[in-house]
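Report on the structure given below.
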Amino acid sequence: QVQLVESGGALVQPGGSLRLSCAASGIIFRLYTMGWYRQAPGKQREEVATISRFGSRKYADSLKGRFIISRDNAKNTVYLQMNSLQPEDTAVYYCNADGSQVGTPAYWGQGTQVTVSS
(Lines give C-alpha, C1' and ligand atoms only; values in the text may rest on other atoms or scores of the structure.)
Protein backbone atom coordinates (compact mmCIF):
# COMPACT_ATOMS: atom_id res chain seq x y z
CA GLN A 1 0.00 0.00 0.00
CA VAL A 2 0.97 3.62 -0.52
CA GLN A 3 2.03 5.68 2.45
CA LEU A 4 3.23 9.26 2.79
CA VAL A 5 4.45 10.25 6.25
CA GLU A 6 5.19 13.87 7.07
CA SER A 7 7.41 14.98 9.92
CA GLY A 8 9.15 18.08 11.20
CA GLY A 9 6.23 20.27 12.17
CA ALA A 10 6.67 22.22 15.38
CA LEU A 11 5.99 25.40 17.31
CA VAL A 12 8.43 28.07 16.17
CA GLN A 13 8.85 31.79 16.80
CA PRO A 14 8.39 34.35 14.02
CA GLY A 15 11.53 34.58 11.94
CA GLY A 16 12.49 31.00 12.66
CA SER A 17 13.02 28.09 10.30
CA LEU A 18 11.81 24.52 9.97
CA ARG A 19 12.42 21.69 7.57
CA LEU A 20 9.56 19.35 6.84
CA SER A 21 10.12 15.85 5.51
CA CYS A 22 7.82 13.45 3.71
CA ALA A 23 8.84 9.83 3.37
CA ALA A 24 7.02 7.88 0.67
CA SER A 25 6.58 4.15 0.26
CA GLY A 26 4.57 1.96 -2.09
CA ILE A 27 5.20 4.09 -5.18
CA ILE A 28 7.99 4.42 -7.70
CA PHE A 29 8.98 7.68 -6.10
CA ARG A 30 11.25 8.98 -8.86
CA LEU A 31 8.34 9.01 -11.33
CA TYR A 32 6.08 11.29 -9.28
CA THR A 33 5.73 15.01 -9.06
CA MET A 34 5.76 15.72 -5.34
CA GLY A 35 4.23 18.67 -3.58
CA TRP A 36 3.51 20.43 -0.33
CA TYR A 37 0.13 21.92 0.48
CA ARG A 38 -1.15 23.64 3.57
CA GLN A 39 -4.46 24.36 5.20
CA ALA A 40 -5.02 26.94 7.90
CA PRO A 41 -8.13 26.88 10.12
CA GLY A 42 -11.15 28.18 8.23
CA LYS A 43 -9.28 28.42 4.93
CA GLN A 44 -9.03 26.33 1.79
CA ARG A 45 -6.11 24.06 1.19
CA GLU A 46 -3.51 25.80 -0.94
CA GLU A 47 -0.54 24.66 -2.94
CA VAL A 48 2.77 25.68 -1.42
CA ALA A 49 5.32 24.13 -3.76
CA THR A 50 5.83 21.27 -6.19
CA ILE A 51 8.85 19.53 -7.63
CA SER A 52 8.69 17.37 -10.73
CA ARG A 53 10.48 14.13 -11.45
CA PHE A 54 13.05 16.22 -13.32
CA GLY A 55 13.56 18.68 -10.47
CA SER A 56 11.51 21.57 -11.84
CA ARG A 57 10.14 23.64 -8.97
CA LYS A 58 7.04 25.76 -8.63
CA TYR A 59 6.11 27.97 -5.67
CA ALA A 60 3.14 29.93 -4.49
CA ASP A 61 3.67 33.64 -5.14
CA SER A 62 2.82 34.50 -1.56
CA LEU A 63 5.90 32.74 -0.23
CA LYS A 64 8.21 35.46 -1.60
CA GLY A 65 11.20 33.17 -1.85
CA ARG A 66 11.12 31.98 1.75
CA PHE A 67 10.49 28.29 1.07
CA ILE A 68 12.54 25.73 -0.84
CA ILE A 69 11.30 22.34 -1.98
CA SER A 70 13.74 19.53 -2.71
CA ARG A 71 13.76 15.78 -3.15
CA ASP A 72 16.09 12.88 -2.55
CA ASN A 73 15.08 9.98 -4.76
CA ALA A 74 17.54 7.65 -3.05
CA LYS A 75 15.65 8.19 0.20
CA ASN A 76 12.15 8.42 -1.31
CA THR A 77 11.80 11.70 0.53
CA VAL A 78 10.67 15.22 -0.33
CA TYR A 79 11.56 18.20 1.86
CA LEU A 80 10.27 21.68 2.47
CA GLN A 81 12.75 24.14 3.94
CA MET A 82 10.82 27.01 5.50
CA ASN A 83 12.64 30.20 6.42
CA SER A 84 11.57 33.52 7.92
CA LEU A 85 8.39 31.96 9.19
CA GLN A 86 5.49 34.24 10.00
CA PRO A 87 2.24 33.68 11.90
CA GLU A 88 0.33 33.46 8.62
CA ASP A 89 2.35 30.33 7.81
CA THR A 90 0.57 28.53 10.63
CA ALA A 91 -1.22 25.56 9.09
CA VAL A 92 -1.29 21.82 8.70
CA TYR A 93 1.16 20.95 5.96
CA TYR A 94 0.39 18.00 3.71
CA CYS A 95 2.58 15.98 1.40
CA ASN A 96 1.21 15.05 -2.02
CA ALA A 97 2.26 12.60 -4.70
CA ASP A 98 0.74 13.45 -8.08
CA GLY A 99 0.12 10.33 -10.12
CA SER A 100 -1.25 11.98 -13.26
CA GLN A 101 1.93 11.37 -15.25
CA VAL A 102 1.95 7.65 -14.47
CA GLY A 103 -1.77 6.91 -14.48
CA THR A 104 -2.24 6.43 -10.75
CA PRO A 105 -4.30 8.34 -8.19
CA ALA A 106 -2.88 11.20 -6.20
CA TYR A 107 -1.79 10.32 -2.69
CA TRP A 108 -1.80 12.41 0.47
CA GLY A 109 -0.15 12.22 3.84
CA GLN A 110 -1.87 12.85 7.14
CA GLY A 111 -0.26 16.24 7.66
CA THR A 112 2.08 17.85 10.15
CA GLN A 113 1.25 20.91 12.23
CA VAL A 114 3.33 24.06 11.90
CA THR A 115 2.58 26.81 14.40
CA VAL A 116 4.37 30.16 14.23
CA SER A 117 3.84 32.19 17.37
CA SER A 118 5.73 34.19 19.96
Side-chain angles (χ1 to χ4, degrees):
Q1 66 275 24
V2 176
Q3 190 171 16
L4 305 179
V5 181
E6 301 98 334
S7 61
L11 172 64
V12 64
Q13 294 183 0
S17 297
L18 287 173
R19 189 172 80 155
L20 307 183
S21 299
C22 171
S25 60
I27 61 171
I28 306 177
F29 181 83
R30 62 181 174 84
L31 300 181
Y32 281 74
T33 291
M34 303 298 298
W36 288 97
Y37 294 71
R38 68 185 183 186
Q39 188 166 25
K43 297 183 179 180
Q44 295 183 7
R45 183 176 296 188
E46 64 175 341
E47 184 179 285
V48 174
T50 64
I51 182 167
S52 78
R53 60 187 288 188
F54 305 109
S56 298
R57 297 170 172 85
K58 180 165 65 73
Y59 298 96
D61 291 340
S62 61
L63 298 180
K64 298 182 179 181
R66 296 183 295 115
F67 290 10
I68 302 171
I69 189 171
S70 62
R71 66 190 296 161
D72 186 340
N73 289 343
K75 297 182 179 295
N76 287 356
T77 300
V78 62
Y79 305 94
L80 184 68
Q81 178 67 46
M82 305 186 294
N83 301 315
S84 301
L85 285 162
Q86 300 301 131
E88 54 263 38
D89 297 317
T90 295
V92 178
Y93 284 71
Y94 296 92
C95 180
N96 169 266
D98 179 6
S100 61
Q101 295 294 98
V102 290
T104 71
Y107 302 104
W108 294 89
Q110 293 297 308
T112 185
Q113 177 71 50
V114 172
T115 303
V116 185
S117 176
S118 59

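Quick note: residue numbers are just sequence positions, from 1.
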- Message: Is there a side-chain contact (heavy atoms from CB on, under 4.5 Å) between Asn76 and Ser25? Walk through the geometry before answering.
- Response: CA-CA 7 Å; Asn76 287 356; Ser25 60; 5.9 Å; no

- Could Arg71 and Tyr79 be counted as a cation-pi pair, given that NZ or CZ must be under 6.0 Å from the ring centre and within 45° of the axis? no

- Message: Does Leu63 form a side-chain contact (heavy atoms from CB on, under 4.5 Å) with Val48? I'd like the steps, not just the answer.
- Response: CA-CA 8 Å; Leu63 298 180; Val48 174; 3.5 Å; yes

Could you tell me if the side chain of [Y] sits less than 4.5 Å from the side chain of [X], heavy atoms only?
X	Y	answer
Thr90	Val114	no
Cys95	Val78	yes
Tyr59	Thr50	no

Using atom types as modelled and distance alone, determine if a side-chain donor or acceptor of [X] lies under 3.5 Å from a backbone N or O of [Y].
X	Y	value
Arg57	Ile69	yes
Gln81	Ile68	no
Thr112	Gly9	yes
Arg38	Ala91	no
Ser100	Asp98	no

If you count every heavy atom of other residues, nucleotides or ligands that lies below 6.0 Å from [X] atom [atom1], does the total exceed 12?
X	atom1	answer
Gln13	CD	no
Gln110	CD	no
Gln101	CD	no
Ile28	CD1	no

If I take atom [atom1] from residue [X] and atom [atom2] from residue [Y], how far apart are they, to the nearest 0.5 angstrom?
X	Y	atom1	atom2	answer
Ser56	Ile51	OG	CD1	8.0 Å
Trp36	Glu47	CH2	CD	13.5 Å
Tyr32	Thr104	OH	OG1	2.5 Å

Which heavy atom of [X] sits nearest a heavy atom of [Y], and at what distance?
X	Y	answer
Gln113	Val92	OE1-CG2, 3.3 Å
Ser84	Ser17	N-OG, 4.2 Å
Ala24	Leu4	CB-CD2, 3.4 Å
Thr33	Ser52	OG1-CA, 3.5 Å

- Message: Can you confirm whether or not the ring centre of Trp108 sits under 6.0 Å from the ring centre of Tyr37?
- Response: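 Ring centres of Tyr37 and Trp108 closer than 6.0 Å.
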
Do [X] and [Y] land in one hydrophobic cluster if side-chain heavy atoms of ILVMFWY residues count as linked below 4.5 Å?
X	Y	result
Leu31	Val2	yes
Val116	Leu11	no
Tyr94	Tyr107	no
Met34	Val102	yes

- Among Leu20, Asp89, Val12, which one satisfies side chain to side chain contact (heavy atoms under 4.5 Å, CB included) with Met82?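 With Met82 as partner, Leu20, Asp89, Val12 yield a single side chain to side chain contact (heavy atoms under 4.5 Å, CB included), made by Leu20.
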
